[in-house]
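Sequential numbering from 1 along the given sequence is applied to the chain's residues.
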Amino acid sequence: YQAAWRHSGLTSMIRYYRAAMRYQDIEGTDTITVPTLILWGKKDHALTHPMATKSLDYCTDGQLFFFEDGTHWVQHDCHEEFNTKMIDFLGSP
């Protein structure tokens with residue numbers, strides 16, 4: 001992460017979240033029709049779990065799974081269960 005942050009700078013990451021909060025109720029947003037898996041940490045203080053539920057509303061074929069002990073970095077906090085969910089969703093080779 002440090003290398004990526006040095007390359008892009010913290011400003012661009014902050015702008016992403018500012019824009020997400022500013023434009024969260026846009027009318028006419030396209031529906032996502034491809035199978036979608038949303039994996040979300042319940043202890044994420046930046047992106048609250050009601051946002052995940054709202055995101056699922058835009059998916060015609062979506063699944064949402066909450067990790068009770070997951071934070072904003074759920075892939076690190078709950079890596080084994082996260083990987084299992086991803087493998088199950090994507091299919092094993």
Side-chain angles (χ1 to χ4, degrees):
Y1 292 113
Q2 291 176 350
W5 293 345
R6 273 194 297 275
H7 177 70
S8 65
L10 188 59
T11 303
S12 59
M13 290 183 280
I14 292 171
R15 286 182 182 152
Y16 171 84
Y17 291 108
R18 284 183 185 153
M21 296 307 291
R22 183 177 298 150
Y23 301 109
Q24 58 183 312
D25 290 323
I26 298 174
E27 292 294 325
T29 301
D30 290 337
T31 302
I32 298 169
T33 58
V34 297
T36 303
L37 176 63
I38 302 172
L39 302 175
W40 208 277
K42 277 272 190 129
K43 293 183 180 179
D44 189 332
H45 297 291
L47 304 173
T48 61
H49 65 274
M51 293 174 75
T53 304
K54 192 170 184 178
S55 296
L56 188 63
D57 292 341
Y58 291 101
C59 303
T60 59
D61 184 13
Q63 300 173 46
L64 171 59
F65 183 83
F66 288 112
F67 294 87
E68 294 297 323
D69 295 324
T71 66
H72 190 70
W73 308 105
V74 68
Q75 70 275 19
H76 294 288
D77 303 328
C78 308
H79 56 89
E80 288 182 20
E81 192 175 8
F82 182 94
N83 288 340
T84 299
K85 294 286 183 195
M86 288 294 293
I87 290 167
D88 289 347
F89 179 74
L90 297 172
S92 57

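- Under the 4.5 Å side-chain heavy-atom criterion for ILVMFWY residues, a single connected hydrophobic cluster contains both Phe65 and Leu90.
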(message) Between Thr53 and Trp40, is the side-chain contact (heavy atoms from CB on, under 4.5 Å) condition met? List the steps.
(response) CA-CA 10 Å; Thr53 304; Trp40 208 277; over 6 Å; no
(message) With side-chain contact (heavy atoms from CB on, under 4.5 Å) as the criterion, how do Leu39 and Gln75 come out once you've worked through the C-alpha distance, each side chain's angles and the decisive distance to 0.1 Å?
(response) CA-CA 9 Å; Leu39 302 175; Gln75 70 275 19; over 6 Å; no
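- Rounding to the nearest 0.5 angstrom, the gap separating the NE2 atom in His49 from the CD atom in Glu68 is 8.5 Å.
- Shown here for Leu37 and Lys85, the closest heavy-atom pair between the two residues is CD2-O, 3.8 Å.
- Evaluated for a side chain to side chain contact (heavy atoms under 4.5 Å, CB included) with Phe67, the options Lys43, Glu81, Lys42 yield exactly one hit, Glu81.
- For Thr36 (side chain) and Val34 (main-chain N/O), a donor-acceptor pair under 3.5 Å exists by modelled atom type.
- In this structure, Ile38 and Leu56 have side chains that are in contact, with non-hydrogen atoms separated by less than 4.5 Å.
- At a threshold of 4.5 Å between side-chain heavy atoms, the hydrophobic network of Ile, Leu, Val, Met, Phe, Trp and Tyr places Ile32 and Phe89 in two separate groups.
- Residues Thr71 and His45 are not in side-chain contact: their nearest non-hydrogen atoms beyond the backbone lie 4.5 Å or more apart.
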